[in-house]
Amino acid sequence: MSRGIYECINCGHREVRDSTEALLENSCPKCGGDMVLVGFEVEPVGFEVRTTQQEESTELTGMLDEFYSLSFQKKEGDVSVFEVHEIRERNFERVLRELEKLGYWAALKRKEGRTLLYVFPAQHPKEENPWIGILLFIATVFTTLLAGYMLSVGYIATLNEYGLPGIRNSYLNAVAFSVSILAILGTHEMGHKIAATYHGVRSTFPYFIPFPNILGTLGAVIRVKSPIPTRDAAIDLGVSGPLAGFLVAIPVTIIGLKLSVQVPASMISPTTGGIYFGENLFFIILEKYIMAVPSNAVLFLHPVAIAGWIGILVTFLNLIPAAQLDGGHIARAFMNGKLHHYLTIALGLAMVALSYLWVTWIIWGLLILLMSMAGNPGALDEVTPISKKRLLFAAIAVLIFILSATPVPIKMG
């Protein structure tokens, strides 16, 4: 029969009790403080007896001593708190991998000038049903084909109205649009997936979001199902998706612009209706230096060019440094949770104010304000400095954000 060895959190009084509960609240006979289970007293039966819990506790203590010089502070529920005096293992991802073998995760934080290590039981995420992602992808293929067909009908009507050369096969244009936009969105999310796998973060494969609108989709997402270990990892996860999607959007946009047609502005009637896609610095540079579109011409976009434009817009929206958007993960790596929460609220309000330029910004603003309630927990390790390579990645993200910024995405003629 094993008996628990308990120590008071407040006064350090230690005694053996007929209990193995982790915490006995207000039970110290000296000061009335909480008593924490620190070991076991086992009755001998002719050989050494060790419980599984005792073995795990000993192994955990030995592992922590290998990685840190620390002292026990307190236990709050299932969370053990240690003060770290020296960090012996700088690779926090290795620390997590080793702790997870024993069923634990950890967080390294600074609080009131001290470095604290929080050790707590690891959570085992529920397995996802792969058919959900497959069915959503099939539905998105259908909706993007439908959207591409509708865009192609408008494109061909413009060719016929002005007697211009171009691809007049609606089905071919629809397939080209669908493949292009799925390639951009899929590459964006797979960039996240690869970065997550590299850093040992559990995540799902991309979920595409079908939507029967002019674009055929509301984008794609992956679900992160375990904490982000370090600030370097947070930056990698934040940058990887937009960068990967942007690199695919570049050739897609160039090909689409090559397939688009230029019409002198003088030929366009002021009463001509239609959809006008807003410009960003990336499109302006391509039109001026790659396509050499004169200032007095109007460019009628081929569906593939519209797919590229959507990819750039998605990149811009994801890089907004708010909440748990891609840009939010990057920004959170450089600031504490409270400051990032204030930044998220400010950006949400700014989006609402921008609705005078484009009414849909009010939806994004309200969405960001809603997301601010959940916050961004940040990385488990907020003590280890950000590497120089990740500072470069963050700078690249800022550059892409500036190039892709589209103040007025869509106007109706």
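Index from 1, following the sequence.
A salt bridge between R332 and E382 is present, with a side-chain N of the basic residue lying under 4.0 Å from a carboxylate O of the acidic one. A salt bridge links R94 with E66; the closest basic N to acidic carboxylate O contact falls under 4.0 Å. Salt bridge present: K101 and E98 bring a charged side-chain N and a carboxylate O closer than 4.0 Å.
With a 4.5 Å cut-off on side-chain heavy atoms, T406 and F277 do not count as touching. Put simply, the side chain of L136 reaches to within 4.5 Å of the side chain of P210, judged on heavy atoms. Using a 4.5 Å cut-off on side-chain heavy atoms (C-beta onward), V141 and L145 make contact. Contact annotation: the side chain of L182 approaches that of T144 to within less than 4.5 Å [non-hydrogen atoms, C-beta and beyond]. Annotation: side chain of R390 is in contact with side chain of D236 (closest heavy-atom distance under 4.5 Å). Residues S240 and I194 fail the side-chain proximity criterion, which asks for heavy atoms closer than 4.5 Å. Using a 4.5 Å cut-off on side-chain heavy atoms (C-beta onward), L299 and M291 make no contact. At a threshold of 4.5 Å between non-hydrogen side-chain atoms, the residues I181 and I306 do not count as touching.
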Evaluate side chain to side chain donor-acceptor pair (under 3.5 Å) for S71 paired with H85, printing each intermediate quantity in order. CA-CA 8 Å; S71 58; H85 307 292; 3.0 Å; yes
The test is side-chain contact (heavy atoms from CB on, under 4.5 Å); show your working for L64 and L99 and say whether it passes. CA-CA 9 Å; L64 292 177; L99 286 176; 4.0 Å; yes
Is there a side-chain contact (heavy atoms from CB on, under 4.5 Å) between I330 and D326? Walk through the geometry before answering. CA-CA 7 Å; I330 299 170; D326 296 341; 5.6 Å; no
Determine, stepwise, if the pair H340 / L343 fulfils side-chain contact (heavy atoms from CB on, under 4.5 Å). CA-CA 5 Å; H340 186 253; L343 174 63; 4.2 Å; yes
Assess whether side-chain contact (heavy atoms from CB on, under 4.5 Å) is satisfied between F300 and V261, documenting all intermediate values. CA-CA 5 Å; F300 285 101; V261 292; 3.6 Å; yes
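In this structure, the side chain of D232 engages the main chain of S387 through a donor-acceptor pair within 3.5 Å. Using a distance-only test at 3.5 Å, with no hydrogens or angles considered, a donor-acceptor pair links the side chain of R88 to the main chain of Y68. Side chain of S226 to main chain of V201: no donor-acceptor pair is present (N/O by atom type, distance under 3.5 Å, no hydrogens or angles). Here the side chain of S178 pairs no donor or acceptor atom with the backbone of A174 at under 3.5 angstrom. Between the side chain of R231 and the backbone N or O of G378 there is no donor-acceptor pair closer than 3.5 Å. Put simply, the side chain of S203 never gets that close to the backbone of K193: no donor and acceptor are under 3.5 Å apart.
Closest heavy-atom contact between M335 and L339: CB-CD2, 3.8 Å. Residues W358 and P407 come closest through the heavy atom pair CB-O, 4.3 Å. The two residues Q262 and A297 make their nearest non-hydrogen contact at OE1-CB, 4.5 Å. For the residue pair P303 and G148, the shortest heavy atom distance occurs at CG-O, 4.5 Å. Residues P377 and Q324 approach most closely at CD-NE2, 4.0 Å, considering heavy atoms. The two residues I184 and G311 come nearest to each other via the heavy atoms CG2-CA, 3.7 Å.
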Under 3.5 Å donor-acceptor pairs involving side-chain atoms of residues 214-221, not counting sequence neighbours:
{"unit_1": "T217", "atom_1": "OG1", "unit_2": "I209", "atom_2": "O", "d": "2.7"}
{"unit_1": "T217", "atom_1": "OG1", "unit_2": "G219", "atom_2": "N", "d": "2.9"}
{"unit_1": "T217", "atom_1": "OG1", "unit_2": "G219", "atom_2": "O", "d": "3.2"}

Let me have the donor-acceptor pairs involving side chains of residues 149-159, under 3.5 Å, with sequence neighbours excluded, atom names and distances please.
{"unit_1": "S152", "atom_1": "OG", "unit_2": "N173", "atom_2": "ND2", "d": "3.0"}
{"unit_1": "Y155", "atom_1": "OH", "unit_2": "L259", "atom_2": "O", "d": "2.8"}
{"unit_1": "T158", "atom_1": "OG1", "unit_2": "G154", "atom_2": "O", "d": "3.0"}

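How far CG of L354 is from CD1 of I362: 11.0 Å, rounded to the nearest 0.5 Å. Atom CZ of F177 and atom CG of L146 lie 10.0 Å apart (nearest 0.5 Å). In this structure, OG1 in T197 is found 11.5 Å from CZ in R202, a value given to the nearest 0.5 Å. In this structure, the separation between CG on L319 and CZ on F246 is 10.0 Å, given to the nearest 0.5 Å. To the nearest 0.5 Å, the span separating CD1 on I320 from CD1 on I368 amounts to 4.5 Å. Atom CG of N280 is separated from atom OG of S404 by 6.5 Å, given to the nearest 0.5 angstrom.
With sequence neighbours excluded, no residue forms a salt bridge (Lys or Arg N to Asp or Glu O under 4.0 Å) with K389.
Looking at D381, L117, V383, L70 one by one, the single match for side chain to side chain contact (heavy atoms under 4.5 Å, CB included) with I87 turns out to be V383. Of the residues F282, F401, W309, the one that meets the ring pair (Phe, Tyr, Trp, His ring centres under 6.0 Å) test with F316 is F401.
Sorted by first and then second residue, the ring-ring contact (aromatic ring centres under 6.0 Å, His included) pairs with a member in residues 372-399 form an empty list; sequence neighbours excluded. Counting only residues at least two apart or in different chains, side chain to side chain donor-acceptor pair (under 3.5 Å) contacts with residues 125-143 comprise E128-Y207, E128-R223, E128-K225. Identified under the side chain to side chain donor-acceptor pair (under 3.5 Å) test for residues 360-377, with sequence neighbours left out: H329-N376.
No side-chain donor from either of H199 and T230 sits under 3.5 Å from a side-chain acceptor of the other.
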